[in-house]
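See structure below.
Counting begins at 1 with the first residue of the sequence.
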Amino acid sequence: MEEQQKSSHVVLVMVTFQGHINAALQLATILHSKGFSITIVHLELNSPKPSNYPEFTFVSIPDNLTESQLSDKDIPGLVRSVNKNCAAPLQRCLEKILHSHHHISAVIYDSFMFCAQPIVDDLGLPGVTLCTHSALGLLFYHVFPQLNEKDCISGLESPELQALQLQGFHALSSQNPTEAGLEVGAAFANALKSSSAIIVNSMEFLELEVLSKIKQYLPTPIFIVGPLHKLAPTMCNSLCTEDNKCISWLNKQAPKSVIYVSFGSIANIDKQELIETAWGLSNSKQPFLWVFRPSMDRGSEWTESLLNELEESVGERGFIVKWAPQKEVLAHAAVGGFWSHCGWNSTIESICEGVPMLCRPFFGDQILNACYICNVWKIGLELQNQERGNIERTIKRLMVDMEGNYIRKRAMDLKEKAAFYLMEDGSTSCSFDGLAKHISSV
Ligand code: UDP
């Protein structure tokens, strides 16, 4: 088996978003440690740093994308463009790799790069989908469109999960999806049908009921391999430079006193919300570390004046960075809460450190993750509106009130479960062995 894997070659096709790049490189690192040789195919926009991974071969394909498209709110439109622009270059690239390597054991592609599946079918190669979202996302976007209301809650025992499913089901059926949304959804579902396996960066104990429900409808083998960031912890895949000065600042703060604020790499926040966020943080009187990305209009006259006023008002109590070493921040003893957009990576990073969350989801699976956090796992509070008074009150509820203590206790319980799950002979390690066997045998 080990010998067979040494000669096995996996091609990993990544998409251009930070959270997806992290998960793909972490997966590649683990597969490499299990004896697979790795070729990474990536887009030109936001390409990773090959020097961080001298053991992998990197190949870039043209994508015809611009930086400004990345900050666009139309994610389905962007995903559609990525697949349209990249299909032909990806086909040529895979043909070239096949000629020079003679053999590809499997092509693992990010679920947003679904154009890969018809190409690998054409080349007679096995395709494996990598989901960087939860199993719940898989259920919502791939299984629910085929179900009616009764089917969607059948087989679920937990009332919270039933409520979440119904809420999501109604939201989905009342939604008027854009043309791009429909196209992307259909292509996604088609790719999954011919995919030889699905990899999900999650932990089974978080999503047991959802997983068994998916298995009723999707015959494709599913490998739950998370939390990937804990299994390949040393790599820094940040596309922006991490500002490590915030760690020295955190070192000076009291235990569990700091609220860390970050809305991931894509979410766009309008001017009014940025202003309310700044004054909500100031009025809360709680120490805070805020990731204010350059793409949030940073550098413009009004943001500079807002940041100056905020710094004057809060002094040493606040620290603002363009990009933080997030995993280190969440693991720091001074951090007691995470105000987040609820991207899936941020969610599992927070769970693994036992940090309770303040949820401000923006779009897509972030909304599902926020429901999971607040209603199912009960390790966070939802920010009902983005007005400064409400921000101030909700921060206090999470960080100082008794209510926050109970939430923190549950977050710490989940952290313990995650640590147990990660132990050497735990489920993740079995799942990886299963995945390695699957890739070597297809
Ligand atoms: N991240 C980081 N520093 C920051 C903000 C985010 O390292 O200042 C990382 C974070 O740890 C996570 C990823 O960027 O791994 C964001 O992924 P997520 O799925 O949470 O959100 P997305 O950016 O895809 O919306």
Side-chain angles (χ1 to χ4, degrees), residues 22 26 203 206 226-238 241-264 280-282 284-292 311 314-343 345-360 373-374 377-381 383 391-392 394-423:
N22 289 354
Q26 286 152 359
M203 293 176 268
L206 289 176
L228 287 170
H229 74 284
K230 282 286 184 190
L231 297 158
T234 51
M235 294 299 152
C236 169
N237 306 312
S238 282
T241 308
E242 293 176 348
D243 186 342
N244 289 305
K245 288 199 287 296
C246 61
I247 301 294
S248 320
W249 177 82
L250 282 175
N251 289 341
K252 291 186 225 141
Q253 309 305 317
K256 307 234 178 296
S257 65
V258 175
I259 178 136
Y260 168 58
V261 188
S262 165
F263 304 114
L281 283 169
S282 169
S284 76
K285 306 280 180 261
Q286 209 61 35
F288 64 88
L289 168 60
W290 185 10
V291 178
F292 198 117
E311 268 162 20
V314 300
E316 292 284 300
R317 177 165 63 79
F319 203 87
I320 299 166
V321 292
K322 291 182 178 157
W323 194 253
Q326 180 163 304
K327 290 182 268 299
E328 207 180 330
V329 166
L330 288 171
H332 198 287
V335 172
F338 181 12
W339 177 0
S340 168
H341 71 308
C342 308
N345 289 291
S346 295
T347 302
I348 46 180
E349 286 162 15
S350 204
I351 287 175
C352 287
E353 302 308 335
V355 179
M357 296 172 81
L358 189 57
C359 301
R360 190 319 186 198
I373 294 163
C374 302
W377 305 321
K378 300 186 172 81
I379 54 163
L381 290 174
L383 192 65
I391 292 175
E392 177 190 343
T394 320
I395 291 179
K396 284 183 179 150
R397 276 172 65 201
L398 187 74
M399 302 295 289
V400 275
D401 289 0
M402 213 43 186
E403 185 185 8
N405 274 345
Y406 294 129
I407 296 175
R408 174 160 298 109
K409 161 106 189 33
R410 280 193 293 272
M412 289 308 286
D413 289 347
L414 268 197
K415 175 185 175 172
E416 263 176 42
K417 280 192 184 162
F420 183 72
Y421 183 83
L422 269 164
M423 276 163 28

Do the side chains of [Y] and [X] get nearer than 4.5 Å, heavy atoms only?
| X | Y | value |
| --- | --- | --- |
| Ile348 | Met203 | yes |
| Val291 | Val261 | no |
| Cys352 | His229 | yes |
| Met423 | Phe420 | yes |
| Ile351 | Ile373 | no |
| Phe319 | Tyr260 | no |
| Gln286 | Val400 | yes |

Closest approach of [X] and [Y], non-hydrogen atoms and distance?
| X | Y | result |
| --- | --- | --- |
| Cys246 | Val329 | SG-CG2, 4.2 Å |
| Met412 | Gly354 | SD-O, 3.6 Å |
| Pro287 | Gln253 | CB-OE1, 4.0 Å |
| Ser346 | His341 | OG-CE1, 3.7 Å |
| Met399 | Ser257 | CE-O, 3.4 Å |

Enter the distance from [X]:[atom1] to [Y]:[atom2] here, rounded to the nearest 0.5 Å.
| X | Y | atom1 | atom2 | value |
| --- | --- | --- | --- | --- |
| Thr347 | Trp377 | OG1 | CH2 | 6.5 Å |
| Asn345 | Ser350 | CG | OG | 12.0 Å |
| Met357 | Ile259 | CE | CD1 | 10.0 Å |
| Cys359 | Leu381 | SG | CG | 8.0 Å |
| Phe263 | Phe292 | CZ | CZ | 10.0 Å |
| Leu414 | Leu206 | CG | CG | 6.0 Å |

Quiz item: Taking only residues at least two apart or on different chains, which pairs with a member in residues 349-359 satisfy salt bridge (Lys or Arg N to Asp or Glu O under 4.0 Å)?
Solution: Lys230-Glu353, Lys327-Glu349
Quiz item: Under the side chain to side chain contact (heavy atoms under 4.5 Å, CB included) test, which residues partner Lys256, sequence neighbours left out?
Solution: Arg408
Quiz item: Taking the side chain from Asp401 and the backbone from Glu403, do they hold a donor-acceptor pair closer than 3.5 Å?
Solution: no
Practice problem: For the pair Arg317 (side chain) and Ser282 (backbone), establish whether a donor and an acceptor sit closer than 3.5 Å, ignoring hydrogens and angles. | Solution: yes
Return all side-chain donor-acceptor pairs below 3.5 angstrom for residues 330-340, not counting sequence neighbours, or 'none' if the list is empty.
unit_1, atom_1, unit_2, atom_2, d
His332, ND1, Ala334, N, 3.0
His332, NE2, Asn251, OD1, 2.7
Ser340, OG, Cys342, N, 2.8

Quiz prompt | Option from Val314, Ile391, Ile395 for which side chain to side chain contact (heavy atoms under 4.5 Å, CB included) with Ser284 holds | solution = Ile395
Self-check item: Basic-acidic side-chain contact under 4.0 Å: Lys409, Asp413
Solution: yes
Quiz item: Within a reach of under 6.0 Å around NZ of Lys396, are more than 12 heavy atoms found that belong to other residues, nucleotides or ligands?
Solution: yes
